[in-house]
Peer 1: 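Here you go, one structure.
Lettering follows sequence order; numbering is per chain, from 1.
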Amino acid sequence: MANVLVFAETRANTLRKVALESVTAARALADSTGGGEVHALVAGSPGIAAVAEQLGQHGADLVVVVEHAGLANFDREVVAATLAARAKSGSYRIVVVGFSAQGRDIGPRVAAKLDVPIVTDVVEASVTGGAITVKHPAYANKVIVTLEINAPLAVLSVRPGAFMVATAPHAVRTEMMAPAAEPSASKVVVKELIEGGKGKLDLGEAPVIVAGGRGLKAPENFKLAEDLAAAFGNAAVGATRAVTDEGWRPHSDQIGQTGRQVSPQLYIAVGISGAIQHLAGMRSSRTIVAINKDKDAPIFKVADYGIVGDVLEVLPVLTQAVREAKAAH
Amino acid sequence: MKIAVCIKRTPDSESRFRIAASSASIDETGLKFDIDDFASYAVEVALQLNEKQGPGETVAYAVGPDAVQETLRKAMSMGVDRAVQLKTDAVPYDGLAVAKALAAELKSGGYDLILFGKHAFDTSAGIVGTATAELLGVSCVTAATKLDIANGRGTARRELEGVAEIVEFPLPAVVTIDEGIARPRYPSLKGIMSAKKKPLETRPAQLGNVRVTVKSMALPPDRPPGRIIGEGTAAVPELVRLLQTEAKVL
Ligand SMILES: Cc1cc2nc3c(=O)[nH]c(=O)nc-3n(C[C@H](O)[C@H](O)[C@H](O)COP(=O)(O)OP(=O)(O)OC[C@H]3O[C@@H](n4cnc5c(N)ncnc54)[C@H](O)[C@@H]3O)c2cc1C
Ligand SMILES: Nc1ncnc2c1ncn2[C@@H]1O[C@H](COP(=O)(O)O)[C@@H](O)[C@H]1O
């Protein structure tokens with residue numbers, strides 16, 4: 001029986017998918033120890049308590065609500081201090097955060113504040129007696145490392161997409177907690193948020209990704225990739241480093257070893273050669289489609305379905321076919 | 001400005017890896033090692049900041065066995081002024097332990113800015129920089145894609161998923177560097193020559209307790225071999241059929 005504390009990440013007072021995945025992971029860990037409690041901490045501006053019910057649906061027993069007018073934007077210092085204070089006050093075995101931009105920022109701070117070990121980018125975890133065992137892809141996903149943590153409390157940062165959100169309704173209690181630090185005293189202050197386009201799905205959350213490479217020939221041809229993504233309706237558009245280096249797409253769209261690491265249900269690579277650094281970011285996708293005019297392009301070695309052809313010709317036809325298939329549902 | 005940059009010695013990311021017989025590490029025979037990718041961007045950022053801002057000092061730190069001296073010399077050949085090796089026989093997989101060794105050393109260094117990579121190629125962990133900042137109690141920005149320093153304050157850009165954040169912070173600060181800021185320069189011949197004469201100190205690393213250990217390493221399962229289903233637009237109907245019936249994603 002061990003309790004697990006989990007950070008439920010929000011943006012604009014709405015839970016992110018990684019929050020539900022983290023709670024799912026926390027629930028499984030608590031259950032594996034013979035049924036401890038899952039306590040989920042949320043931090044935001046007044047009104048954030050409304051997310052408690054949803055967290056209960058995925059297995060939280062208690063939601064620790066940290067409401068403050070100064071928490072409208074993500075405040076890493078306040079969240080880390082409050083999560084650490086909470087972890088110290090309870091009898092927790094594990095603190096779970098997501099390995100997202102917020103979680104990457106918070107996890108190591110909490111671990112350092114508490115002087116407890118942390119492992120990140122966790123894709124599997126289990127508790128056996130005194131040890132926690134986790135799997136973690138390293139060397140840009142080329143090696144899977146199994147790590148053992150020997151400590152009474154540890155921070156685990158879970159890879160987005162690795163723990164499928166599960167429904168496990170629990171009667172959820174809530175408890176208010178004051179922030180452990182004053183938001184106005186934070187050293188790092190958010191001056192501006194630049195939205196990446198309204199309603200645009202994030203690469204880490206989209207079930208389908210259409211990724212374009214230099215084979216698209218010109219920035220304006222990314223319209224063809226966007227049209228295909230729109231036809232799917234649940235897709236995001238990514239790019240190779242060759243493309244982000246050219247400035248055709250922003251760096252934040254880059255997939256690969258030094259960009260985002262994704263594993264969607266469907267990955268459609270168009271005009272991408274399949275360099276090892278690109279594969280490092282997408283080879284764990286469930287189904288991979290590749291369209292490339294060179295039949296010897298390395299991308300075809302990992303593609304479940306390859307089409308040898310000119311993307312500029314194939315994409316519009318594929319987009320139309322996907323639209324029709326969707327309409328037939 | 002006085003800038004420290006923490007660099008790790010990691011194998012070339014293009015290598016094909018094999019697991020060592022012990023199954024708890026990779027087989028290092030035949031691998032080439034260099035400054036890890038993100039840390040090499042951090043070195044470039046440090047050099048550019050000091051070139052732009054006038055007189056300053058850039059110091060590189062590496063925790064590791066004597067092999068890291070070569071990595072530190074490489075940083076000096078790019079233009080770093082001096083280097084410090086924090087010596088340990090093997091670098092533990094415990095990021096907090098490495099952060100403790102760096103923080104113990106950097107604490108009294110009087111640095112305005114301490115730069116790290118967003119994550120190291122080998123651990124792919126993203127722990128050491130942010131944990132070091134916390135141990136030092138200084139401002140910290142994780143995974144910056146832009147960085148400017150003026151009048152004792154920094155401004156950085158960070159990519160959250162789908163949104164970019166512009167943050168401001170006071171110095172001293174730790175910043176971990178994402179890709180896209182700067183391409184690392186190649187050392188010049190003059191740089192390589194002068195690096196040989198630059199000071200490189202060695203001190204023991206104060207790692208403290210190591211609580212995360214490697215049990216085993218394995219290569220990821222292979223994907224089934226790829227399959228080409230056809231050519232040009234004529235293959236589209238077959239692709240759609242497979243996506244519907246076999247992959248069930250449409
Ligand atoms: C340290 C390091 C880190 C890196 N990190 C990353 C990373 O994170 N992500 C990443 O993507 N790359 C990364 N790279 C770069 C990587 O090595 C490749 O250079 C890059 O992925 C190539 O992008 P590309 O496939 O778009 O371009 P190219 O390699 O130029 O391939 C273009 C492809 O398009 C095809 N093509 C051309 N015209 C057409 C057409 N009309 N129709 C169909 N196909 C066509 C060509 O046959 C070719 O295969 C990294 C490199 C290094 C050294
Ligand atoms: N042994 C080390 N010596 C010096 N710097 C390191 C070491 N390990 C990690 N770092 C720095 O911390 C960053 C993040 O490493 P990690 O937390 O292991 O992903 C690296 O990019 C380096 O800048």
Peer 1: Is the shortest side-chain N to carboxylate O distance from Arg76(A) to Glu165(B) below 4.0 Å?
Peer 2: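 Yes, charged N to carboxylate O under 4.0 Å.
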Peer 1: Checking heavy atoms, do the side chain of Ser284(A), its backbone, both or neither come under 4.5 Å from chain B?
Peer 2: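 It is the backbone, since no side chain atom gets that close.
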Peer 1: Do Asp115(A) and Lys100(B) sit within salt-bridge range, that is, some charged N less than 4.0 Å from a carboxylate O?
Peer 2: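 The answer is yes: the pair qualifies as a salt bridge.
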Peer 1: Non-hydrogen atoms of chain A under 4.5 Å away: do they reach the side chain of Pro237(B), the backbone, both or neither?
Peer 2: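 For Pro237(B), no heavy atom lies under 4.5 Å from chain A.
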Peer 1: Going by side chain to side chain donor-acceptor pair (under 3.5 Å), Asp121(A) matches just one of Gln261(A), Arg104(A), Arg159(A). Which one?
Peer 2: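 Of the listed residues Gln261(A), Arg104(A), Arg159(A), the side chain to side chain donor-acceptor pair (under 3.5 Å) partner of Asp121(A) is Arg159(A).
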Peer 1: Val314(A), Val110(A), Ile144(A): which one forms the most heavy-atom pairs within less than 4.5 Å of chain B?
Peer 2: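 Sorted descending by pairs with chain B, the first entry is Ile144(A).
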Peer 1: Can you say whether Val289(A) sits under 4.5 Å from chain B via the side chain, the backbone, both, or neither, judging by heavy atoms?
Peer 2: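 Side chain of Val289(A) only, per the 4.5 Å heavy-atom cut-off to chain B.
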Peer 1: Under a 4.5 Å cut-off applied to non-hydrogen side-chain atoms, are Phe121(B) and Gln257(A) in contact?
Peer 2: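 Answer yes - side chains close enough.
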Peer 1: Counting heavy-atom pairs under 4.5 Å to chain B, which of Ile276(A), Asp304(A), Val134(A) comes out on top?
Peer 2: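 Greatest number of close heavy-atom pairs with chain B: Asp304(A).
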Peer 1: By a 4.5 Å heavy-atom criterion (distance strictly below it), what part of Arg157(B) contacts chain A: side chain, backbone, both, or neither?
Peer 2: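 It is the side chain, since no backbone atom gets that close.
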Peer 1: Let me know if Thr145(B) has heavy atoms under 4.5 Å from chain A in its side chain, its backbone, both or neither.
Peer 2: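 The answer is the side chain of Thr145(B).
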Peer 1: Among Ile132(A), Val145(A), Asn141(A), Val119(A), which has the most heavy-atom pairs under 4.5 Å with chain B?
Peer 2: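 Looking at each option in turn, the highest pair count goes to Val145(A).
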Peer 1: Do you know which of Pro117(A), Gly107(A), Gly309(A) has the most heavy-atom pairs with chain B at a distance under 4.5 angstrom?
Peer 2: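 Option with the greatest count: Pro117(A).
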Peer 1: Taking the side chain as every heavy atom from C-beta outward, state whether Thr123(B) and Val128(B) have any atom pair closer than 4.5 Å.
Peer 2: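 Result no, sub-4.5 Å side-chain heavy-atom pair not found.
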Peer 1: Where on Lys301(A) is there a heavy atom nearer than 4.5 Å to chain B: the side chain, the backbone, both, or neither?
Peer 2: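 The backbone, not the side chain.
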Peer 1: Name the orientation class of the two ring planes belonging to Tyr61(B) and Tyr111(B) (parallel below 30°, tilted from 30 to 60°, perpendicular beyond 60°).
Peer 2: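 Ring orientation of Tyr61(B) relative to Tyr111(B): perpendicular.
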Peer 1: Under 4.5 Å heavy-atom distance to chain B, tell me which part of Arg16(A) shows up: side chain, backbone, both or neither.
Peer 2: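 Only the side chain of Arg16(A) comes within 4.5 Å of chain B.
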Peer 1: Any chance you could measure Leu106(B), atom CG, to Leu86(B), atom CG, to the nearest 0.5 Å?
Peer 2: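 Going from CG on Leu106(B) over to CG on Leu86(B), the span is 8.0 Å.
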Peer 1: Which atoms of Arg11(A) come close to chain B, meaning under 4.5 Å heavy atom to heavy atom: side chain ones, backbone ones, both, or neither?
Peer 2: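 Contact with chain B: side chain only.
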Peer 1: For chain B, which candidate among Gln320(A), Gln102(A), Lys113(A), Gln265(A) shows the most heavy-atom pairs at distances under 4.5 Å?
Peer 2: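 Heavy-atom pairs under 4.5 Å are most numerous for Lys113(A).
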Peer 1: Looking at Ser216(B), Gly208(B), Ala131(B), which makes the most heavy-atom pairs under 4.5 Å with chain A?
Peer 2: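 Maximum pair count with chain A is reached by Ser216(B).
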Peer 1: Where on Asp122(B) is there a heavy atom nearer than 4.5 Å to chain A: the side chain, the backbone, both, or neither?
Peer 2: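 Both backbone and side chain.
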Peer 1: Tell me the closest heavy-atom pair linking Leu136(B) and Ala103(B), and the distance in Å.
Peer 2: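 The pair with the smallest heavy-atom distance is CD2-O, 3.6 Å.
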Peer 1: If you compare all heavy atoms of Val63(B) against all heavy atoms of Val68(B), which two are closest, and at what distance to 0.1 Å?
Peer 2: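 Shortest heavy-atom contact: O-CG1, 4.2 Å.
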Peer 1: Side chain, backbone, both or neither: which part of Thr155(B) has a non-hydrogen atom closer than 4.5 Å to chain A?
Peer 2: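 For Thr155(B), neither part sits under 4.5 Å from chain A.
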Peer 1: Most heavy-atom pairs under 4.5 angstrom with chain B, which of Val208(A), Thr244(A), Asp245(A)?
Peer 2: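 Between Val208(A), Thr244(A), Asp245(A), the count favours Asp245(A).
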Peer 1: When Phe116(B) is tested against each of Leu102(B), Val175(B), Thr130(B) for side chain to side chain contact (heavy atoms under 4.5 Å, CB included), which residue passes?
Peer 2: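 Filter result, single survivor: Leu102(B).
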Peer 1: Identify the residues of residues 219-228 of chain B whose heavy atoms come closer than 4.5 Å to a heavy atom of chain A, ordered by number, or report 'none'.
Peer 2: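 Answer by number: Leu219(B), Pro220(B), Asp222(B), Arg223(B), Pro224(B), Pro225(B), Gly226(B), Arg227(B), Ile228(B).
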Peer 1: With a 4.5 Å limit on heavy-atom distance, are the side chains of Val43(B) and Pro184(B) in contact?
Peer 2: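 Of all side-chain heavy-atom pairs linking Pro184(B) with Val43(B), none is under 4.5 Å.
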Peer 1: Given a strict heavy-atom distance threshold of 4.5 Å, which part of Val212(B) is in contact with chain A: side chain, backbone, both, or neither?
Peer 2: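 Interface part for Val212(B): both.
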Peer 1: Could you look at Val210(B) and say if it's the side chain, the backbone, both or neither that has a heavy atom under 4.5 Å from chain A?
Peer 2: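 For Val210(B), there is no contact with chain A at all, as no heavy atom is under 4.5 Å.
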Peer 1: Picking from Gln244(B), Lys215(B), Glu159(B), which has the most non-hydrogen pairs under 4.5 angstrom with chain A?
Peer 2: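 Option with the top pair count is Lys215(B).
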Peer 1: Based on non-hydrogen pairs under 4.5 Å, which of Ile26(B), Val240(B), Asn209(B) is most in contact with chain A?
Peer 2: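 Most heavy-atom pairs within the cutoff with chain A belong to Ile26(B).
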Peer 1: Counting only heavy atoms closer than 4.5 Å, note whether Ala303(A) contacts chain B via side chain, backbone, both or neither.
Peer 2: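 Backbone only.
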Peer 1: Please classify the contact between Pro160(A) and chain B as side chain, backbone, both or neither, with a heavy-atom cut-off of under 4.5 Å.
Peer 2: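 Answer is neither: Pro160(A) stays 4.5 Å or more from chain B.
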Peer 1: Pick one of side chain, backbone, both or neither for Leu239(B), based on which atoms fall under 4.5 Å of a heavy atom in chain A.
Peer 2: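 Leu239(B) touches chain A through side-chain heavy atoms alone.
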Peer 1: Counting heavy-atom pairs under 4.5 Å to chain A, which of Met217(B), Glu134(B), Glu161(B) comes out on top?
Peer 2: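 Among the listed options, the one with the most contacts to chain A is Glu161(B).
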Peer 1: Checking Asp178(B) against chain A: side chain, backbone, both or neither under 4.5 Å from a heavy atom?
Peer 2: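 Interface part for Asp178(B): side chain.
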Peer 1: Just so I understand: if I count every heavy-atom pair under 4.5 Å between each of Gly95(B), Cys140(B), Ala24(B) and chain A, which residue has the most?
Peer 2: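 That would be Cys140(B).
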Peer 1: Which atoms of Tyr93(B) are under 4.5 Å from chain A, going by heavy atoms: the side chain, the backbone, both sets, or neither?
Peer 2: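 Looking at Tyr93(B), just its side chain touches chain A.
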Peer 1: Go through the atoms of Glu205(A) and report whether side chain, backbone, both or neither lie under 4.5 Å from a heavy atom of chain B.
Peer 2: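 Glu205(A) has no heavy atom closer than 4.5 Å to chain B.
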Peer 1: Any carboxylate oxygen within less than 4.0 angstrom of a Lys/Arg side-chain nitrogen, looking at Arg158(B) and Asp105(A)?
Peer 2: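 So Arg158(B) pairs with Asp105(A) through a salt bridge.
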Peer 1: Just so I know, are the side chains of Val322(A) and Leu243(B) near enough to count as touching, which here means a heavy-atom distance under 4.5 Å?
Peer 2: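 Val322(A) vs Leu243(B): side chains apart.
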Peer 1: Could you report the tightest heavy-atom contact between Val91(B) and Gly64(B), atom names first, then the distance?
Peer 2: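 Heavy atoms of Val91(B) and Gly64(B) come nearest at CG2-CA, 3.7 Å.
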Peer 1: Students often mix this up, so state it plainly: with edges at 30° and 60°, are the rings of His278(A) and Tyr267(A) parallel, tilted or perpendicular?
Peer 2: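 Ring orientation, 0 to 90° scale: tilted.
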Peer 1: Where does Lys135(A) contact chain B at under 4.5 Å (heavy atoms): side chain, backbone, both or neither?
Peer 2: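 Nothing of Lys135(A), per the 4.5 Å heavy-atom cut-off to chain B.
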Peer 1: Chain B heavy atoms under 4.5 Å from Ile288(A): which part of the residue, side chain, backbone, both or neither?
Peer 2: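 It is both, since atoms from each part get that close.
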Peer 1: Can you find a heavy atom in the side chain of Ile299(A) that is under 4.5 Å from one in the side chain of Met282(A)?
Peer 2: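 The answer is yes, as the side chains (C-beta and beyond) meet within the 4.5 Å cut-off.
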Peer 1: Please examine the side chains of Arg260(A) and Asp202(A), heavy atoms only from C-beta on, and report whether any two atoms are closer than 4.5 Å.
Peer 2: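 Side chain of Asp202(A) against side chain of Arg260(A), heavy atoms only: contact under 4.5 Å found.
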Peer 1: For the residue pair Pro172(B) and Val138(B), what are the closest heavy atoms and their distance?
Peer 2: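 Heavy atoms of Pro172(B) and Val138(B) come nearest at O-CB, 3.5 Å.
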Peer 1: Counting only heavy atoms closer than 4.5 Å, note whether Ala125(B) contacts chain A via side chain, backbone, both or neither.
Peer 2: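 Both backbone and side chain.
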Peer 1: To the nearest 0.5 angstrom, please state how far the OG1 atom of Thr287(A) sits from the CG atom of Leu242(B).
Peer 2: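 One finds 10.0 Å between OG1 of Thr287(A) and CG of Leu242(B).
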Peer 1: For Glu44(B), is there an ion pair with Arg183(B) - N to carboxylate O distance below 4.0 angstrom?
Peer 2: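 Here Arg183(B) does not pair with Glu44(B) in a salt bridge, since their nearest N and O are not under 4.0 Å apart.
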Peer 1: Where on Glu246(B) is there a heavy atom nearer than 4.5 Å to chain A: the side chain, the backbone, both, or neither?
Peer 2: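 Both backbone and side chain.
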Peer 1: Out of Thr132(B), Thr213(B), Val249(B), return the one with the most heavy atom pairs under 4.5 angstrom to chain A.
Peer 2: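 Among the listed options, the one with the most contacts to chain A is Thr213(B).
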Peer 1: What heavy-atom pair brings Val188(A) and Ser139(B) nearest, and what distance separates the two atoms?
Peer 2: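 Closest approach of Val188(A) to Ser139(B), heavy atoms only: CG2-CB, 4.1 Å.
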Peer 1: Is Asp37(B) close to Ser13(B) at the side-chain level, that is, under 4.5 Å between some pair of heavy atoms?
Peer 2: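 Yes - at least one pair of side-chain heavy atoms lies under 4.5 Å apart.
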